[in-house]
Protein chains: 2
Amino acid sequence: MKITETGIKTALRQHGYKLTRQRLSVINAVISSKDSLTPADLYNRLNRHYPDIGLATVYRTLRLLDEMGLLCKLHTSSDCNSCTIGAPDRHHHLICSGCGKVIDFSCRSMAEFETSLAKETGFEIKDHLLEFTGYCQSCRIDHMQS
Amino acid sequence: MKITETGIKTALRQHGYKLTRQRLSVINAVISSKDSLTPADLYNRLNRHYPDIGLATVYRTLRLLDEMGLLCKLHTSSDCNSCTIGAPDRHHHLICSGCGKVIDFSCRSMAEFETSLAKETGFEIKDHLLEFTGYCQSCRIDHMQS
DNA sequence: TATCTAATTGATAATCCTTTTCAATTAGAT
DNA sequence: ATCTAATTGAAAAGGATTATCAATTAGATA
Ligand SMILES: [Mn+2]
Ligand SMILES: [Mn+2]
Ligand SMILES: [Zn+2]
Ligand SMILES: [Zn+2]
C-alpha cells in the first residue's frame, strides 16, 4: 500500500486537522525524499524555498503523521530520529549505508523464527524491530572501488 | 561469552584506563541490572549509595564501555538510550514489555532470509538490527489477567 | 461572499539531555 | 613517599525538543 499526498490529505481531514500550506509542504518534503530525514534536515530543506516555515511546525507535523500511523522511524547506529513516510502495515527497512535510500519490505520468513524463539525462551512475543543495512545496487559499485 | 566484572577490569587495564572507584561503581550497576538502564537511571541508582558521583562520569564510563565494545544499546519505542552490558559477538535482544528484562540471543535463522532479500533487492547486506518485544515468562501471567 | 471562531502558526522561552571546561583530586608508576 | 598524567565533580555550554502566546488563517456558517 503506497502512501500518496492525496491519501495523507484524506487522513488529515478524517482526523479533523486542517490542510495548511505549512503542513502540506512538510508532508511533501517527507514524501519526495528517497532517504530518511531528521526534523532538522526537513527544516533546512524547506527553509530554502519557504523561509518562513517554523521549526516547531516541522516537529508538530511529524508528530501528527506519527499519531495517524503514517510515519516510519529509523534506528541507525548514528541516529534514531530520522523518518520516512510509512505504510500502516507492519514492515521493515533496508537502508543503504552509501546514499541513505530506504527500501521497505514485509516480514515473511520471520514467523517461524519467532515461533521457535518463543518456545525456547517462554516469551510471548508481541512485536519486533528489524532493519538491514548495507549498500544498494548503485552504491555497491562505489563501495567496491574505494 | 558472559561478561564479568573481572573481564571488564581486564579490558580497562588493556586499554590503559584506570580502575577508579567511580568507574567500577557504574560498571557494577550496569552488570547487576537485569533490565536496561538509561544514563539517568544509572545516575539515580548510584546517587543513593554514592551521593558524590557525577552525572558526567556516568556518561564518560558508558562511552568507555561502548568504545571497548562492551555495551549493548537498545531501541524500544519509548527510548533509544538505554543499555546493558553486552557480549562483543553479534547478537539480538528479547525485551519484556512488562518488567524490562533483556535476554540475548544469537542470530541463526537470519542467514537464509538475509540471502534471499539480498538477491531480491540487489542490496549488499552488511548488518542488521533485530529486537523482539513481548512478555517474559513471569510477566506473561500478569499480562493475561489484566 | 463576508463573517466568525477555533485551530494553527512562528518566534521565543523553557526543558530536557549530553558534552565541554577546568581546577582539584587520585590511580598507579617510579 | 613522590610524582604526573588521567580522572573527577560542578558548572557552563550546546543541541534537540517542547511549551507558551499573540497573531494569523482554514474552513464552517450565514
Ligand atoms: Mn518504512
Ligand atoms: Mn545484548
Ligand atoms: Zn533507536
Ligand atoms: Zn545507496
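Below, chains carry the letters A, B, ... as their sequence lines are ordered, and counting in each starts from 1.
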Which angle, to the nearest 10 degrees, lies between the helix axes at the two ends of the helix from C:dT1-D:dA30 to C:dT30-D:dA1, each defined by five pairs?
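About 30° separates the two local helix axes.
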Sequence neighbours excluded, which residues qualify as side-chain hydrogen bond (donor to acceptor under 3.5 Å, both in side chains) partners of [X]?
| X | result |
| --- | --- |
| A:D35 | A:S33 |
| B:N81 | none |
| B:H92 | B:H128 |

Roughly, in whole Å, what's the span from [atom1] in [X] to [atom2] in [N]?
| X | N | atom1 | atom2 | answer |
| --- | --- | --- | --- | --- |
| A:E67 | D:dT18 | CD | C1' | 14 Å |
| B:L62 | D:dT7 | CG | P | 15 Å |
| A:N81 | C:dC16 | CG | P | 17 Å |
| B:R13 | D:dA6 | CZ | C1' | 16 Å |
| B:I53 | D:dA11 | CD1 | P | 16 Å |
| A:L12 | C:dA7 | CG | P | 15 Å |

Whether the A:S25 and A:N28 side chains hold a donor-acceptor pair (N or O, under 3.5 Å, no angle test) is what I'd like checked.
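No.
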Quick one: list whatever passes salt bridge (charged side-chain N to carboxylate O under 4.0 Å, His left out) with A:D127, sequence neighbours left out.
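Partners of A:D127 under the salt bridge (charged side-chain N to carboxylate O under 4.0 Å, His left out) test: A:R90.
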Distance-only criterion, 3.5 Å: show the donor-acceptor pairs between side-chain atoms of residues 8-19 of chain A and protein atoms not counting sequence neighbours.
{"residue": "A:T10", "atom": "OG1", "partner": "A:T6", "partner atom": "O", "Å": "3.0"}
{"residue": "A:H15", "atom": "ND1", "partner": "A:A11", "partner atom": "O", "Å": "2.8"}
{"residue": "A:Y17", "atom": "OH", "partner": "A:E67", "partner atom": "OE1", "Å": "3.1"}

What residue pairs, at least two apart or across chains, pass ring pair (Phe, Tyr, Trp, His ring centres under 6.0 Å) with a residue in residues 54-73 of chain B?
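Those involving residues 54-73 of chain B do not exist here.
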For DNA chain C, find the residues of residues 35-52 of chain A with a heavy-atom distance under 4.0 Å and give them by number; none if there aren't any.
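Per residue number, the list reads A:D52.
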Could you go through residues 95-107 of chain A and list every donor-acceptor pair under 3.5 Å that involves a side-chain atom there, pairing it with any protein atom two or more places apart or in another chain?
{"residue": "A:S97", "atom": "OG", "partner": "A:G134", "partner atom": "O", "Å": "3.3"}
{"residue": "A:D104", "atom": "OD1", "partner": "A:H91", "partner atom": "NE2", "Å": "3.4"}
{"residue": "A:D104", "atom": "OD1", "partner": "A:H93", "partner atom": "NE2", "Å": "3.4"}
{"residue": "A:D104", "atom": "OD2", "partner": "A:H91", "partner atom": "NE2", "Å": "3.3"}
{"residue": "A:S106", "atom": "OG", "partner": "A:R108", "partner atom": "NH1", "Å": "3.4"}

Atom pairs and distances, donor-acceptor, side-chain atoms in residues 45-55 of chain A, under 3.5 Å, two or more places apart:
{"residue": "A:Y50", "atom": "OH", "partner": "A:R21", "partner atom": "NH1", "Å": "2.9"}

Looking at residues at least two apart in the chain, or sitting in another chain, which of them share a ring-ring contact (aromatic ring centres under 6.0 Å, His included) with B:H75?
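Listed in chain order: A:H75.
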Reading nucleotides 19-27 of chain C from the 5' end, what letters show protein touch, with B for base, S for backbone sugar-phosphate only, - for no heavy atom under 4.0 Å?
BBB-----B
